[in-house]
Amino acid sequence: MGIKSSDGLMLTDYIASFLHIRAPVIYARRDKASKSELQDGMNFARGGSGVLDVSFNNYSMTLQVCNFKEQIAREVYTKADLEDSIALVSYTGNDYIYHSRHQKGTMKDVFDQTKAIVDLLTKNLREIRALGVKKIAIFGTPPRGCFPGLYSETLRKCDKTWNKASSTHNKLLKESLQILNKESNGAKFVYLDLYSAIESALFDENTETVGSENRFKACCFDGHMCGPIAHKICDQPALSIFWDAGHLSQNGANIVYSYLVPSLNKLL
């Protein structure tokens with residue numbers, strides 16, 4: 001696992017708290033965890049991964065699902081555990097960013113790969129359901145064009161093309177989830193609208209806890225991703241929504257979480 005890209009709690013920490021559990025054990029640290037800690041779940045995510053085999057770390061979601069299967073085979077989690085569990089699938093678009101930045105792809109290329117990405121993501125969701133998990137939540141992709149570096153401070157506008165790419169992905173994903181819910185055999189798939197939640201945090205005038213001048217600026221500019229120690233660079237991280245170019249600050253995560261609570265309630 002890499003350095004935590006936040007000045008504190010992340011969105012997944014708030015969701016764990018909502019479910020009245022501790023933050024799930026990180027997969028790489030599973031052998032050092034107690035049985036009690038393991039019962040609060042396991043985090044198979046790895047920063048920079050996507051659903052495609054080639055991405056920032058080449059550690060795809062398919063491999064993460066395989067790690068999950070391995071834990072089931074070792075009876076770390078039983079059938080009863082799985083049926084009483086909630087799986088959170090976080091996919092926010094690393095494949096698109098990697099294709100654009102590292103493979104020098106055009107925005108047309110980004111749009112062209114959307115269906116293949118959503119199809120593979122849907123396949124992974126079916127795999128998780130087949131393992132016996134009855135409740136599965138899935139993030140949509142965020143309004144990437146409003147993130148630091150893509151938002152134009154001069155024009156005071158988000159990058160419309162990147163936001164359209166996110167919207168296209170989310171439209172196809174929601175269509176897939178409708179199909180999955182019809183064939184679910186008792187399982188439930190819940191869409192977490194990260195796009196609308198972040199958009200609301202950025203543009204809702206009632207978000208009084210955030211200084212408007214800081215809404216589109218990263219608190220940390222120490223490269224693309226910053227560890228928690230980099231908060232020394234920022235005078236007022238509590239007034240920021242973005243921690244670095246690709247991640248929310250603790251404050252931003254808390255605000256976005258508040259918008260997601262109605263959807264999270266559907267899992268209970």
Side-chain angles (χ1 to χ4, degrees), residues 4-24 40-41 43-45 47 61 85-94 118 121-122 124-125 128-129 133-148 158 162-163 165-178 180-181 184 187-210 214-216 219 237-244 246-268:
K4 191 174 185 179
S5 298
S6 171
D7 59 321
L9 297 177
M10 301 178 75
L11 185 54
T12 48
D13 294 315
Y14 285 104
I15 293 175
S17 178
F18 171 84
L19 297 172
H20 304 293
I21 61 173
R22 291 168 290 192
D40 278 337
N43 179 0
F44 298 95
M61 189 180 292
S85 295
I86 294 172
L88 173 63
V89 179
S90 176
Y91 178 79
T92 56
N94 279 330
V118 174
L121 178 55
T122 303
N124 285 320
L125 294 174
I128 295 169
R129 180 185 62 191
V133 181
K134 297 297 185 182
K135 298 178 181 179
I136 303 169
I138 169 71
F139 281 126
T141 56
R144 185 67 58 184
C146 295
F147 277 47
C158 302
W162 267 107
N163 279 358
S166 293
S167 296
T168 301
H169 171 99
N170 292 338
K171 178 178 182 293
L172 292 179
L173 175 59
K174 285 185 281 188
E175 290 172 356
S176 291
L177 294 182
Q178 288 179 344
L180 288 172
N181 275 319
S184 64
K188 179 193 295 185
F189 292 86
V190 174
Y191 176 73
L192 300 181
D193 193 349
L194 195 60
Y195 189 107
S196 294
I198 292 179
E199 193 174 53
S200 295
L202 291 171
F203 293 102
D204 189 347
E205 294 302 323
N206 292 323
T207 309
E208 297 177 356
T209 57
V210 181
N214 292 327
R215 292 194 183 196
F216 299 92
C219 185
L239 294 180
S240 295
I241 286 181
F242 294 110
W243 175 238
D244 59 23
H247 302 90
L248 298 169
S249 65
Q250 173 174 304
N251 180 59
N254 187 24
I255 295 170
V256 168
Y257 160 72
S258 69
Y259 286 104
L260 295 176
V261 168
S263 295
L264 291 168
N265 278 323
K266 296 177 183 178
L267 295 166
L268 302 180

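Remember, it's a predicted structure, so these values are computed and weren't measured experimentally. Because only heavy atoms are used, hydrogens play no part in the values below, and waters and symmetry mates are left out as well, while side chains stay in.
- Inter-residue side-chain proximity for His169 and Leu121 is flagged as met; some heavy-atom pair is nearer than 4.5 Å.
- Residues Leu9 and Asn254 are not in side-chain contact: their nearest non-hydrogen atoms beyond the backbone lie 4.5 Å or more apart.
- With sequence neighbours excluded, the residues satisfying side chain to side chain contact (heavy atoms under 4.5 Å, CB included) with Ser90 are Thr92, Phe139.
- Looking at Thr12 and Asn43, their side chains never come closer than 4.5 Å, going by heavy atoms from C-beta outward.
- Evaluation of the salt bridge (charged side-chain N to carboxylate O under 4.0 Å, His left out) test over residues 14-24, restricted to residues two or more places apart or in two chains, returns Arg22-Asp40.
- Qualifying salt bridge (charged side-chain N to carboxylate O under 4.0 Å, His left out) partners for Lys266, counting only residues two or more places apart in sequence or in other chains: none.
- Put simply, the side chain of Phe189 does not reach to within 4.5 Å of the side chain of Ser176, judged on heavy atoms.
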Open item on the list: side chain to side chain contact (heavy atoms under 4.5 Å, CB included), that's the test. Do Leu260 and Leu11 meet it? Break it down for me.
Closed with: CA-CA 10 Å; Leu260 295 176; Leu11 185 54; 4.1 Å; yes
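- Atoms CG and OG, on Leu173 and Ser166 in that order, are 12.0 Å from each other to the nearest 0.5 Å.
- Legend: residues meeting side chain to side chain contact (heavy atoms under 4.5 Å, CB included) with Asp193, ordered by chain and number and at least two apart, are Tyr191, Tyr195, Ser196.
- Applying the ring-ring contact (aromatic ring centres under 6.0 Å, His included) rule to Tyr14 yields the partners Tyr257; only residues at least two apart in sequence or on another chain are considered.
- In this structure, the separation between OG1 on Thr141 and CG on Asn94 is 11.0 Å, given to the nearest 0.5 Å.
- Contact check for Ile255 versus Leu248: no side-chain heavy atoms found under the 4.5 Å cut-off.
- Scanning for side chain to side chain donor-acceptor pair (under 3.5 Å) contacts around Asn124 gives Thr62, with sequence neighbours left out.
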